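Take a look at the structure set out below.
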Amino acid sequence: MSQPPDAAPRPLDDSLRAWLTEASFVFVGCVREVGASNLGGVEAEPRMVTVDVVEVVLAPNQLGDLRGQTLTVATQDGGLEPDQEWTFFAKSWHYGETIGVVEIGRTSAVVEDLRAGVIAERLRQLDAEITSRIQSADAIVSGRVLATYPAEDTNGLPGVIDGVEWWNAELWIASVEKGAPPDEGRIWFPEGGDPEWSVLPKAYPNQTGVWLLHVLPDASSVPIRGVPALEGPAPEPAPPHPLPHRPSPAQEQSDDDVDPSTHPPRRLAALDPLDFHADADLARIRTLIWTTTRE
Amino acid sequence: MPLRVINVIPRNLSAEVNFDSEPSVTVNPANPQQIVVTAFTPDTATPVTTGPYFYSTDGGATWFQNSVIPGGTALLGTRDISVRFAASGILYAGILRGDTGAMNILRKANFSGPGTMTILLTRTPEDQPWVEAITQGGADRVYVASNDISQRPTGQTASVDFSQNAGTAAAPAGFTNTARLESRASAALPASTGGGSQDGPSVRVAIHPSGVLYGVYFGWRTFSSPNISDIVVVRDDNWASGAAPFQALSDPPPTAHPPGDGNVGLRIATGVNIAPLGTLLGTQRVGSSLSIAVDPLDSQRVYVAWCDGLATAASPYTLRVRRSDDGGQTWTGDLFTHKNATNPGLAVNSRGTVALLYQELVTTAGSPDRWHTHLVKSLDLFHSVFSDDLLAAVLDSKTGATITVIIGDYDNLLAVGKDFYGVFSAHNVPDKANFPADVTYLRNKDFATKKLLSVDNKTEVSPSVDPFFFHDRALEPTNGVSYIAVAPLTDQRLEFWLSDGAAGLLSTWKAFTDPDAAWTPWADFLAEVGPLANGARQLAVAPLSDGRLELWVSDGAGGLWSTWKTTTDPNATWTGWDDFLGEV
């Protein structure tokens, strides 16, 4: 088995990071045939190669162990020779009896040198997505769901025309990590509606966890269809929160009474699949909050 | 087998537990081996920026997944999606993107290859884009119906975007035209939701090769519980190429009997009560179920199916089929109705046979609800049902679902030549009893234990919902016709047999006693009576003294076999093959 030519460019760390923003496959493969495809229904093109997978750094879990399998790689630019071994960064393309991927980049770097960095970078990217949600959140609380029930106050909430039914969850709040806790410990969550609503966090009695809560805008001020996008101007700062009715540790530290009539109730909801986390993630969320407040 | 049902999840995705609902299907009219199916299916990879569709290049026997639809996320490959091949082989799609929800009209020349589909048009907010396409005069004419809710300020939300030549030009590839179908005041929405007014989500178009186009939509008149809606049909007689597209059909004038309002768009039904969109039938939400099909033999013959009712015991959600034979000017009453049914899909084949796909919630005391998926065909303009195939009878279950559109707001049926092709979504427990027309799974499974298995073929996988493709293939003589025979049944309808060049034996009969009645599609007589080891050659048939028919067949090895009707009922079964030389 020959090695890639010495002149093969070694990507810089920045290149690897850029590749990883797209790559769902990172694997070491030995080129079997150039201008070939082992995919049903796909005619071979000159830039396609079949590759025997030697080692896997990253791949979708659902696909099982890819080692020993032959994949078809649609390369960026061709230029490969049989028996060369590369570490491929690739994104998803074709599934069937066999798998095809689209190359983003490749490196001759030793896989063991890459493995830890790839995993760390992928986890950093995932943390960055959560951090983005933390930054946009109006309130972050941990606690337990005491009860759920259909919301009485649905006036102006988005999605109703598409069949969304809004529910309330009443929380016992264990800690307030950011902003003011929801009024009376009550948050909103959608049931039903189009698929984009379905993937949002739901609440169940006795459920415990960490909620990254966002103010639900009126239907009249958000995109007509679909989940409110948190784009555009930053929301107004949250008003001081009134003392919730149900005492909890966090509430004992809350501000003095505030006249609710002067502050329209904030309707807080988890508006992204990343807006709910298990209790065990609280320390991590706290760390990410800490980093966002000090950036 | 003329009817084949296949779970399209490929083997490599055996571990998937998605609720792959709300499917659509397209078949390349120029090469029916090429088929694409879509559903609410996300790519299995992370991160991901594309969503997949399923495709076959062998007529639906094997399936693959191609992740090339822009805007996919880990949870939503797309939101609503529909697809159509033109005969050029170019694939078109209308989608709501998984990431932003914006509508994209998409194009891909090489449907099996890598490379994200080309975005021809983007618009938001939108709902339920539905694409139809035809290659005519070397150009791909593409029509995308949708409920363009950006038009809420005017209320003209039922819309059709179209291009007269979408095949190769750069974006927008001719998609510079939008026909607004609604000519009346649509339903006012509460100010708290942003106000304005709109029609129902489902808008559909049908294309006749002559250039006659039809559209149908729910003209919502009152937004409430229930929604009050008209069922409105529009028509264009020349590819929507004129200055006022889709305005060839109007309601009768107020002076007519019965009176109309004279506005563009004929109302098949007015003021029907339809359940609000959040209403559940079983676990599936209902409230916008609509389909239209035009007879390829007659541009003036068009069928519409819709569902109305409140999905309650007093007002069941009810599927209705009606027909027009004069270009939509006048309509029959209900030709077919079915309670507790949704997701109608209509298609008409090249013989004029009309087929209806629908899904019925069957409730049995003491048992879990089940979804029954039916394929119904009529040979006589839906005056009667010729065949009713139960494709699936599966559990209505949302266990494990992350989405609440469990089987989807639609399924899809289409005709290419004499064949019907369709797709529906259903619970995927591998139990042959759930699929009376039989079923094939490509993903790993164990039919004996009724369990799904992962890619390792060992680890059990939780049930979910998968898309099931089906092909209702019209039988044809193989290698020409060898011998024929014909005789009258006891009700004087003729039955006709032929043996073909492959020693097969097919039969057809008049569907009704009317001498002008249609002949049924070819049936495999050897499948009905039993196989002949050496095939069928020469034929003879004659009535016995009581009118029952007896048929004699010589085989390829010098044998002679006979069968006869078991009773004088013209629809009676046939006996098994009898060795006539042994008898005589």
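Keep in mind that this is a model prediction, so the values were computed, not measured. Proteins come first, then strands; the chains are lettered A, B, ... in the order of their sequence lines, and each starts at number 1.
- Distance alone, capped at 3.5 Å, places no donor-acceptor pair between the A:Asp52 side chain and the A:Gln69 backbone.
- Judged purely by atom type and a 3.5 angstrom limit, B:Thr73 has no side-chain atom pairing as donor or acceptor with the backbone of B:Asp99.
- For a heavy-atom cut-off of 4.5 Å, chain B lies close to A:Arg122 in residues 115-130 of chain A.
- B:Phe223 pairs by the side-chain contact (heavy atoms from CB on, under 4.5 Å) definition with A:Ile161, B:Ala187, B:Leu189, B:Pro190, B:Trp220, B:Asn227, not counting sequence neighbours.
- The distance from the CZ atom of A:Phe276 to the CG atom of A:Asp281 is 9.5 Å, given to the nearest 0.5 Å.
- Looking only at heavy-atom pairs under 4.5 Å with chain A, the residue among B:Asp409, B:Val17, B:Thr44 that has the most is B:Thr44.
- Between chain B and the residues A:Pro273, A:Ser24, A:Gly163, the largest count of heavy-atom pairs under 4.5 Å involves A:Ser24.
- In this structure a side-chain-to-backbone donor-acceptor pair under 3.5 Å is missing from A:Thr50 to A:Val34.
- Two rings, from B:Tyr53 and B:Phe111, have their centers 6.0 Å or more apart.
- Only the backbone of A:Ala23 comes within contact range of chain B, with at least one heavy atom under 4.5 Å from a heavy atom of that chain.
- Proximity of the aromatic rings of A:Phe189 and A:Trp166 is defined here by a centroid distance below 6.0 angstrom, and this criterion is not met.
- Residue contact with chain B, scored on non-hydrogen atoms closer than 4.5 Å, involves the side chain of A:Val102 exclusively.
- Heavy atoms of A:Glu97 lying under 4.5 Å from chain B belong to its backbone as well as its side chain.
- Both the backbone and the side chain of B:Ser112 come within less than 4.5 Å of a heavy atom in chain A.
- Comparing B:Pro114, B:Pro10, B:Gly287 by how many heavy-atom pairs each has under 4.5 Å with chain A, the most go to B:Pro114.
- For the set A:Gly100, A:Pro60, A:Gly40, A:Gly64, the count of heavy-atom pairs under 4.5 angstrom toward chain B peaks at A:Gly40.
- The aromatic rings of A:His94 and B:Tyr55 sit perpendicular to each other, their planes meeting at more than 60°, with 30° as the lower class boundary.
- B:Asp456 places a side-chain N or O within donor-acceptor distance of the main-chain N or O of B:Thr459, the cut-off being under 3.5 Å.
- Here A:Ile99 is the residue among A:Thr21, A:Leu20, A:Leu39, A:Ile99 with the most heavy-atom pairs under 4.5 Å with chain B.
- Of all the heavy atoms in B:Leu310 and B:Ile274, the pair that sits closest is CD2-C, 4.1 Å.
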